[in-house]
2 protein chains.
Amino acid sequence: MTGPPHVRRPATLASLAAELGVSRTTVSNAYNRPDQLSAPLREKVLEAARRLGYPGPDPVARSLRTRRAGAVGLLLTEALSYAFRDPVATGFLEGLALACEQAGQGLLLVPVSPEHADVAAVHQAGVDGFVVYSVSEDDPHFRAVLERPVPTVVCDQPVGVEGVDRVSVDDREGMRALGRHLTSLGHRRIGVLCMRLGPHRYDGRADIPRQEASSYPVQRERLGGVRDAFAEAGVDWSTVPVYERYDHSPEAGATAAAELLAAHPEVTALVCTSDVLAIGALQHAAEARIEVPGRLTITGFDGVPEAERVGLTTVRQPVRRKGQVAGELLLERGERNRPTLIVLPTELVVRDTSGPAVPVERFFSGW
Amino acid sequence: MTGPPHVRRPATLASLAAELGVSRTTVSNAYNRPDQLSAPLREKVLEAARRLGYPGPDPVARSLRTRRAGAVGLLLTEALSYAFRDPVATGFLEGLALACEQAGQGLLLVPVSPEHADVAAVHQAGVDGFVVYSVSEDDPHFRAVLERPVPTVVCDQPVGVEGVDRVSVDDREGMRALGRHLTSLGHRRIGVLCMRLGPHRYDGRADIPRQEASSYPVQRERLGGVRDAFAEAGVDWSTVPVYERYDHSPEAGATAAAELLAAHPEVTALVCTSDVLAIGALQHAAEARIEVPGRLTITGFDGVPEAERVGLTTVRQPVRRKGQVAGELLLERGERNRPTLIVLPTELVVRDTSGPAVPVERFFSGW
DNA sequence: CTGAAAGCGCTAACAA
DNA sequence: TTGTTAGCGCTTTCAG
């Protein structure tokens, strides 16, 4: 008779008030300001609510009135579900979730499929602010976020957006340190594996114009860091093969490594701009019986747990902290009126996949 | 002079309409029903919006009016950030996120700290429904969810809640199969490591009353499955030591294993109710130089990626699928009026950590 | 301590 | 194709 339970709003604050013969204010106060009415009256209201199945003030109506939704929105470039597969994103989310739960705010994951560019989801999100995680400079969703009259914090990229706070890490310096580590080991002929450089699917070699035109500042910076370090050692960057992959997965890393090494067998080190790619490269090396680090040095970037397990030499960035800081920046924004930029440090972690360069000739016949 | 950008709502639909000398309906239609007005007029409206900095219809106001928030809420027992550390939860979230993004719905992570039981967050969530992931039967947040007049899908537990859909896996049958695998290998003296059985922190041995009174049906079922299988082999359950841990982490698994083995050195197999605990047990075995599976068999439950890497014998459950089904159940709920129960199958995966039982005596002197 | 009045910003009939 | 009329359910001054 009454239909399925938990599905209708049987009573409203107004109807409850009418039923009890009190004003709506009183009912509202019973929920929001217990100190504004007598305990017995409050109990009476709550009891009636229970009896009539009144579930308490409607959150949406309250949000409209109070102009606060009690949630922060998160925008990612990739499909939403990707965030739970990528270890870096997962770490970031953990930190962000921590900041949110400490502030008692919800975290709304905004559904964006890279396919149907459904900007509507951004307009539809009932949130008090946005955290934007590592999206491309020309992302339409990001532009939609900027149109919303709520504060925004960008993580990593895009850079240089007016009026928004940003938190990132020192990608360039991290890669510089790594590059110097490699040059000090004698490496001069290297290859680089990097992540997506542009919005459209492309897998293959990326020439310098493409590198410099990338709409992903993080990749630009990481590549730039390697370039800096090798320039110091006198290596001409135009001789360094850089291979790009659209997908960010170990498989992509493995195929990229295979492709690069086939075209450039003289390479003594493979610098990857992420651990995930590096782990794939490592898998390829294992399958192809390439000795690491004896014959080939392989390095990553990020410092994910898996990298530690496999002993990958990498650059660690404080991913979780980055998420937490992003959340705090958004939630604790007092009366700052100038946008803030926070850059967290990175740290070179030398483990077992990097070693002295051995010229490839050494591996031929018995010199 | 104009204050920080992206922070105020400078114009409303009404003010825009007034400015243009058209009705609010027309402006609303320009956004929501492009086919309900002429293209030029629509363009004129949109242009004016741009000029006046009107960011489009306010999502909260629209939600109030349309009675739909465009998001589903997720309730977890643990602190929000925990979800990103636990591999099972992460898999579940991936599936759920997939379902949400396909339906264009947001996913709101409701902030619940187990500490300050802040049920308010549940009341505050502007969502069209809830997915409840594996919470205790007496969770106050869960009760708050049930009070909300929106559909709810429970995943795993609690069981037997009237009027809500549920999706789970066949925990009991999975553990039964695993138990039979062990008895067929000759194991008769086993120990069990299980997850939290009650709401309060407790680490130690769990006797049968405690096991049966647990407010976590999933643990009850998994323990029950082991019990079933060993009963078939004539093993008296009261002789089986069951050790419980409040935290769900490898460390907890390691200390529990140490504790159990110290008290019960006769044990030939350690059955863990989760892979995470089993991985910890494995670590303990490695440190204590206990040969696996030679001296000790160790098994898990879940089938997380890490379990595969270390060759753990376990029971695989379709975690991601579970999340996806939960989401679909909530979102595609047509005119079902009876609650649905979906039970997904589990699968025994025998790998390298289970082997024949060898009586512990064999390990003393040279018989 | 309680009540009356005034919207928050929007959409959905229904008419014109 | 456009406008008019009614709220969605709530909170919040401000008086009593």
Side-chain angles (χ1 to χ4, degrees), chain A residues 8-45 48-49 52-70 120 123-128 147-150, chain B residues 8-45 48-49 52-70 120 123-128 147-150:
Chain A
R8 270 211 316 255
R9 171 161 278 272
T12 70
L13 185 146
S15 73
L16 221 193
E19 177 80 17
L20 279 166
V22 301
S23 83
R24 311 205 307 278
T25 309
T26 301
V27 178
S28 176
N29 282 340
Y31 284 95
N32 304 317
R33 312 233 164 129
D35 53 312
Q36 294 296 293
L37 72 178
S38 67
L41 178 53
R42 179 173 135 91
E43 197 34 64
K44 193 171 127 197
V45 171
L52 272 67
Y54 176 63
D58 179 284
V60 174
R62 165 189 277 162
S63 283
L64 176 58
R65 185 58 237 237
T66 60
R67 306 270 60 202
R68 38 192 12 287
H123 292 305
Q124 195 189 214
V127 297
D128 301 323
E147 283 163 11
R148 295 275 309 259
V150 295
Chain B
R8 270 213 317 256
R9 171 161 279 270
T12 71
L13 185 146
S15 73
L16 221 192
E19 176 79 17
L20 279 165
V22 301
S23 82
R24 294 171 4 244
T25 309
T26 300
V27 178
S28 176
N29 283 339
Y31 285 94
N32 304 318
R33 312 236 164 128
D35 53 313
Q36 294 296 293
L37 73 177
S38 67
L41 178 54
R42 178 173 137 92
E43 196 36 64
K44 194 170 126 196
V45 171
L52 272 67
Y54 175 65
D58 179 285
V60 174
R62 164 190 277 161
S63 283
L64 176 58
R65 185 60 237 234
T66 60
R67 308 270 58 202
R68 38 192 13 288
H123 292 303
Q124 194 189 217
V127 297
D128 302 322
E147 284 162 9
R148 295 275 311 259
V150 295

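Keep in mind that the numbers below use all heavy atoms, side chains included, and drop hydrogens, waters and symmetry copies. Each chain gets a letter, A, B and so on, in the order its sequence line appears, and its residues count up from 1.
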Task: Qualifying residues under side chain to side chain contact (heavy atoms under 4.5 Å, CB included), relative to A:A69, sequence neighbours excluded - done: A:S63, A:D128
Task: Closest to the B:L41 side chain, choosing from D:dT11, D:dG9, D:dT2 - done: D:dT2
TODO: Strictly below 4.0 Å, heavy-atom distances to any atom of DNA chain C: list the hits from residues 25-38 of chain A, or just say none.
DONE: A:T25, A:T26, A:D35, A:Q36, A:L37, A:S38
- [ ] Round to a whole Å and report the spacing from CZ of B:R65 to C1' of D:dC8.
- [x] 6 Å
- [ ] Might you point out which heavy atoms bring A:P59 and B:Q124 nearest each other, and give the distance in Å?
- [x] CB-O, 3.5 Å
Acceptor/donor pairs from residues 17-25 of chain B side chains to any protein atom, 3.5 angstrom cut, sequence neighbours excluded:
from, atom 1, to, atom 2, distance (Å)
B:S23, OG, B:T25, N, 3.3
B:S23, OG, B:T26, N, 3.3
B:S23, OG, B:T26, OG1, 3.3

- [ ] Can you figure out which of C:dT11, C:dG9, D:dC10 approaches the side chain of A:R24 most closely?
- [x] D:dC10
- [ ] Look up atom OG in B:S15 and atom OH in B:Y54, then write down how far apart they are to the nearest 0.5 Å.
- [x] 8.0 Å
TODO: Using a cut-off of strictly less than 4.0 Å, decide whether A:S23 has a side-chain nitrogen or oxygen near OP1 or OP2 of C:dG3.
DONE: yes
Open item on the list: Within this structure, what is the CD-OG distance for the pair A:Q36 and A:S28, rounded to the nearest 0.5 Å?
Closed with: 10.5 Å
TODO: Starting from C1' on C:dG7, measure out to CZ on A:R67 and report it in whole angstrom.
DONE: 12 Å
Open item on the list: Less than 4.5 Å apart, side chain to side chain, heavy atoms only: is that true for A:R65 and B:L64?
Closed with: no
- [ ] Classify the nucleic acid contact of A:V22 as base, sugar-phosphate or nothing, counting any heavy atom under 4.0 Å across all strands shown.
- [x] sugar-phosphate
- [ ] Rounded off to whole Å, could you give me the CZ-to-C1' distance for the B:R62 and C:dG9 pair?
- [x] 11 Å
Open item on the list: Rounded to whole Å, please give me the gap between CG in B:L16 and P in C:dG9.
Closed with: 13 Å
- [ ] Specify the separation, in whole Å, of atom CG of B:D58 and atom P of C:dC8.
- [x] 12 Å
TODO: Could you tell me the separation between the CG atom of B:L13 and the P atom of D:dG3, rounded to a whole number of Å?
DONE: 12 Å
TODO: Starting at atom CZ of A:R148, determine the distance to atom C1' of C:dG9, rounded to an integer number of angstrom.
DONE: 13 Å
Task: Atom-pair distance (CZ on A:R68; P on D:dT11), nearest Å - done: 13 Å
Task: Distance in Å, B:K44 NZ paired with B:S38 OG, rounded so as to fall on 0.5 Å steps - done: 9.0 Å
